[in-house]
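These numbers come from a predicted model, not from an experiment. All values below were derived from every heavy atom in this structure, side-chain atoms included, with hydrogens, water molecules and symmetry-related copies excluded. Each chain gets a letter, A, B and so on, in the order its sequence line appears, and its residues count up from 1.
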There are 2 protein chains.
Amino acid sequence: MCKPGVSDGNGAIPESTTNGFNSFGQDDHGRSYPDSGTNVYCRPQASLSPSPMSLIPSSQPFPGSYNFQFEFGKQPKDTKSTAWTFSDMTNKLYAQKDAMCPVRFRIDCDGVANGLYIRALPIYSRPEHVQDVVKRCPNHIQAPESANIPHREHFIWCENQGARYVTDSSTGRCAVIAPYDAPPAGTSWVTYLFSFKCLNSCVGGPNRREMSIIYTLENSNQEVLGRLSIDLRICACPGERPEIRRR
Amino acid sequence: MCKPGVSDGNGAIPESTTNGFNSFGQDDHGRSYPDSGTNVYCRPQASLSPSPMSLIPSSQPFPGSYNFQFEFGKQPKDTKSTAWTFSDMTNKLYAQKDAMCPVRFRIDCDGVANGLYIRALPIYSRPEHVQDVVKRCPNHIQAPESANIPHREHFIWCENQGARYVTDSSTGRCAVIAPYDAPPAGTSWVTYLFSFKCLNSCVGGPNRREMSIIYTLENSNQEVLGRLSIDLRICACPGERPEIRRR
DNA sequence: GCACAAGTGC
DNA sequence: GCACTTGTGC
Ligand SMILES: [Zn+2]
Ligand SMILES: [Zn+2]
């Protein structure tokens, strides 16, 4: 079994968990809601006293000793109606809501990687919103097809066996953790299927705020061994790059 | 005290209640939800077997023996940014969400009208949707300013003293009932303030479906003594008639 | 895949 | 009050 040392990639103390941060939302659920005032859908205001950087999850990528890497599986079609597309140029994933997006990970490992995990955590990438917890909008949480699903409030779902949905009790951040499986014979890449359960535009949820996914490679003590960050846009037409849209 | 006889205006048996109808929604809440399929915001389908007319609330106006009538108070401003405007031409109220709309009612009554009530019930006016219960969208129900408000699921609110929010136990229809007060000295019109707590476009709620308000004059036995119907459109810019909108 | 609808930022 | 954004119907 291979086990390189824990590193943190920021030259600081290794995080014993990815959850060492706080969120400052508009309400108990850290969400922005429509019409806090009369008839105005408003975005959450930046908190008056900005939260210390340490309270915000790090999105600083670092391969770490395991040389943690990702790539995307082949996209279904290359037309404008594709369910998802990843731009290497911008490091941004465009996907429809609920589309299964195959993300492959690999690590440098001579033997069997045991007790390793992939954590997927969504964040708002803009500093004004990064302190807010990414949650689904009430409309989608309450939708019948999410009824009785325990993780229905989670924005990122992972279809892999063994995926575990966690909500940090102090911050309210929702993440999904899947065991890092051994790659199939003949490759070092392991595929994970992620889907995203709100649109970027969902009122009462993401509410048009730009997002990123933070993928961390962790050991069973939740020590971060490597980190990746991917920008994310969930929309009806991921095949249409925003700049191409006709006026 | 004046008390003309109960009439029904349809030449049929008087309704002993406005609630003698059923709703056939998409789910337990009679609502349309986003993405019943993958990534498609869909409207509710018309039920395969159309509901009998008797199960749908009547919106047939009739003044009745009391000569039940309405008019609108003076609108705040006549600019495009008005909070509400009523078109006599089309019998349609255009209003912003949460805007207080003053509706005046009058009845022919020589003495003191006692034990009379005004009921306001919202319906979807198109036959495809009339069987669905009008409720607020989950986003607005869950919004912090609606927390702890018992009638937060109601689409129509009435600000008058004595307003009572009722939900029919068999149909799930939500209505608000206010006592018919004596008009102030010098007029026969009594003013009621109504507000509408979702946009016409609210996903998971009205979801772009056209609506009407049914106002009924009732006695304390919920017998209908008169009925009025007003078409309704709740939107961000009620001052802009839909036809005027620039392309 | 286009044209429309309609809430939002500014 | 305009222009833009972006989900939706067709
Ligand atoms: Zn959503
Ligand atoms: Zn609403």
Visitor: What's the CD1-P distance between B/Ile234 and C/dA6, to the nearest Å?
Guide: 13 Å

Visitor: Quick one: is D/dG7 close enough that its OP1 or OP2 comes under 4.0 Å of any side-chain N or O from A/Lys97?
Guide: no

Visitor: What is the distance from CD of B/Glu210 to P of C/dA5, rounded to the nearest Å?
Guide: 12 Å

Visitor: Is it true that the NZ or CZ of B/Arg233 lies under 6.0 Å from the centre of B/Tyr94's six-membered ring and within 45 degrees of the ring axis?
Guide: no

Visitor: Return the set of residues passing ring pair (Phe, Tyr, Trp, His ring centres under 6.0 Å) with A/Phe105 (not counting sequence neighbours), or none when no residue passes.
Guide: A/Phe68, A/Tyr192, A/Tyr215

Visitor: Check the angle between the aromatic planes of A/His151 and A/His154 and answer parallel, tilted or perpendicular using the 30° and 60° thresholds.
Guide: perpendicular

Visitor: Using a cut-off of less than 4.0 Å, is there contact between a side-chain N or O of B/Ser201 and OP1 or OP2 of C/dG7?
Guide: yes

Visitor: Can you list every salt bridge (Lys or Arg N to Asp or Glu O under 4.0 Å) pair that touches residues 81-94 of chain A, not counting sequence neighbours?
Guide: none

Visitor: Please give, in whole Å, the distance from D/dG9 C1' to B/Arg209 CZ?
Guide: 15 Å

Visitor: In this structure, how many angstroms lie between the P atom of D/dG7 and the CG atom of B/Asn207, rounded?
Guide: 14 Å

Visitor: To the nearest angstrom, how far is B/Glu240 atom CD from C/dG7 atom C1'?
Guide: 11 Å

Visitor: Given C/dG7, D/dG7, C/dG1, which nucleotide is nearest the side-chain atoms of B/Leu199?
Guide: C/dG7

Visitor: Taking atom C1' of D/dG1 as reference, at what distance in whole Å does atom CD of B/Gln96 sit?
Guide: 13 Å

Visitor: B/Lys80 NZ to D/dA3 P: how many Å, rounded?
Guide: 10 Å

Visitor: Hey, does the side chain of B/Arg233 come within less than 4.0 Å of C/dA6's phosphate (OP1/OP2), counting only N and O?
Guide: yes

Visitor: Tell me the interatomic distance from A/Asn200, atom CG, to D/dC4, atom P, rounded to whole angstroms.
Guide: 21 Å

